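What follows is a set of notes on a single structure, which appears directly below.
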Amino acid sequence: IISEDKAMCLHAGDGLIVVVKKDNTVVTSSLKGHTGSEPGSVVPFAAINNWEFTTHDEVASVAVMSDGVYHEIVYSPLLS
């Protein structure tokens, strides 16, 4: 949920949520890979202890991405 410059996020499953704040700091939810026995598993959604709730103020942007996309962005030679 995003309202003006505040965001409330729920993260469950693989991938992560990236929040960029107005002061250019970057905050991420926990980076999680698949935890089920198969790629299509919904185990993370079924167990509430795997859910992550966060709130953020002074938000400039929010992105939801897979762990693969995140690693391509963070470890990109273009950013070096």
Side-chain angles (χ1 to χ4, degrees):
I1 300 171
I2 301 170
S3 175
E4 296 182 21
D5 65 348
K6 299 183 187 313
M8 295 175 62
C9 304
L10 164 64
H11 177 236
D14 68 333
L16 72 158
I17 298 171
V18 177
V19 175
V20 180
K21 295 188 161 212
K22 290 182 178 180
D23 65 0
N24 291 325
T25 57
V26 177
V27 180
T28 64
S29 62
S30 299
L31 179 59
K32 301 174 184 171
H34 286 288
T35 57
S37 59
E38 58 186 73
S41 174
V42 294
V43 171
F45 300 104
I48 197 165
N49 60 334
N50 288 330
W51 297 6
E52 181 179 359
F53 295 94
T54 57
T55 59
H56 307 278
D57 294 321
E58 300 297 317
V59 173
S61 64
V62 177
V64 179
M65 61 186 71
S66 70
D67 50 346
V69 169
Y70 175 75
H71 285 293
E72 285 297 320
I73 292 170
V74 170
Y75 301 111
S76 171
L78 297 175
L79 298 177
S80 300

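Everything quoted here is computed from the prediction, not taken from an experiment. Reckoned from all heavy atoms, side chains included, excluding hydrogens, waters and symmetry mates.
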Are Val69 and Val20 co-members of a hydrophobic cluster defined by side-chain heavy atoms under 4.5 Å apart? yes

Where do Val59 and Lys22 land on the side chain to side chain contact (heavy atoms under 4.5 Å, CB included) test, with the steps shown first? CA-CA 6 Å; Val59 173; Lys22 290 182 178 180; over 6 Å; no

For the CD atom of Glu72 and the OG atom of Ser66, what is their distance to the nearest 0.5 Å? 9.5 Å

Same cluster or not: Val26 versus Leu16, using hydrophobic residues (I, L, V, M, F, W, Y) connected whenever any side-chain heavy atoms lie under 4.5 Å apart? yes

Specify the closest pair of heavy atoms between Ile17 and Leu10, including all atoms of both residues, with the distance to one decimal. CD1-O, 3.6 Å

Does any non-hydrogen side-chain atom of Met8 lie less than 4.5 Å from one of Thr54? no

If you look at every heavy atom in Val19 and Cys9, which pair is closest and at what distance? CG2-SG, 4.5 Å

Please identify each residue that fulfils salt bridge (Lys or Arg N to Asp or Glu O under 4.0 Å) with Asp57, with sequence neighbours left out. Lys6

Gap separating the CG atom of Asp5 from the CD atom of Glu58, nearest 0.5 angstrom: 4.5 Å

